[in-house]
Amino acid sequence: MAAAADIEMPANKMVQLPAPGSPLGGAAPGVMRTVIADGASLTAQDVVDVGAGRARVEIDPSLKDAIRASEATVKRFVDDGAVVYGVTTGFGAMSGVTVAKDDVSALQVNLIESHAAGVGEPFDREITRGA
C-alpha cells in the first residue's frame, strides 16, 4: 500500500493525502490541526483534511463580520425592492420573474434543497464533510 495517494486538481495542482493514521504537517499523532476559515487562505489540502476528519474548522471573527455585512447588503436590496438576480428574481430561464418580498427566503431554501437532491449512490462522508 502506498504511503499517500494523489488527487488531480484543476490546473494540474496535486493534493497529497497522508496515509491513514499518519500525522499531518509534523503534528503529533492524535492531535487534530485547525483550519481557520478567513475567506482568503483555504487550500485544497485543507478541504481534503477536513473531509477526512484530520482537521477541524474555526471561523475567523473577521469572516463573521464580512458575512454579517453581506447579509445586511442583501437585506437592504430586498427592502428597497431592488432587482437582484437569484435574490429577488428566479434563476436561469426564470430570471425575468420577480419574486415577492415575502417569498425571497423561500426561494433561497428551495435553491439549496434542489441542489441537495440527487440520484445514485450517496457520496461518502469524507466528500460531503469537505463540501
Polar side-chain atom of [X] near backbone of [Y] as donor-acceptor pair, under 3.5 Å:
{"X": "Tyr85", "Y": "Gly92", "value": "yes"}
{"X": "Asn110", "Y": "Ala106", "value": "yes"}
{"X": "Thr73", "Y": "Ala69", "value": "yes"}

Using the test side-chain hydrogen bond (donor to acceptor under 3.5 Å, both in side chains), find all partners of Glu126 that sit at least two apart in sequence or belong to another chain. none
What pairs with Ser114 under side-chain hydrogen bond (donor to acceptor under 3.5 Å, both in side chains), at least two apart in sequence or on another chain? none
Can you find a pair of side-chain heavy atoms, one from [X] and one from [Y], that are under 4.5 Å apart?
{"X": "Val83", "Y": "Thr89", "answer": "yes"}
{"X": "Asp49", "Y": "Val35", "answer": "no"}
{"X": "Val47", "Y": "Leu42", "answer": "yes"}
{"X": "Asp103", "Y": "Leu107", "answer": "no"}
{"X": "Val87", "Y": "Phe77", "answer": "no"}
{"X": "Leu63", "Y": "Ile67", "answer": "yes"}

Strictly below 4.0 Å, N to O, side chains only: are Arg33 and Asp46 in salt-bridge contact? yes
Quick check: are there more than 12 heavy atoms from other residues, nucleotides or ligands sitting under 6.0 Å from CZ of Phe123? no
Hey, mind stepping through Asp65 and Ser62 against side chain to side chain donor-acceptor pair (under 3.5 Å) and telling me if it holds? CA-CA 5 Å; Asp65 292 342; Ser62 66; over 6 Å; no
State yes or no: do Val78 and Val84 share one hydrophobic cluster built from I, L, V, M, F, W and Y residues joined by side-chain heavy-atom distances below 4.5 Å, directly or via other members? yes
Can you measure from [atom1] ([X]) to [atom2] ([Y]) and round to the nearest 0.5 angstrom?
{"X": "Glu58", "Y": "Thr34", "atom1": "CD", "atom2": "OG1", "value": "5.0 Å"}
{"X": "Thr88", "Y": "Lys101", "atom1": "OG1", "atom2": "NZ", "value": "11.5 Å"}
{"X": "Arg76", "Y": "Glu71", "atom1": "CZ", "atom2": "CD", "value": "12.5 Å"}

Do you know which two heavy atoms are closest between Arg56 and Met32, and how far apart they sit? N-SD, 3.6 Å
Taking all non-hydrogen atoms of both residues into account, name the closest pair between Gly86 and Phe91 and its distance. CA-CE2, 3.2 Å
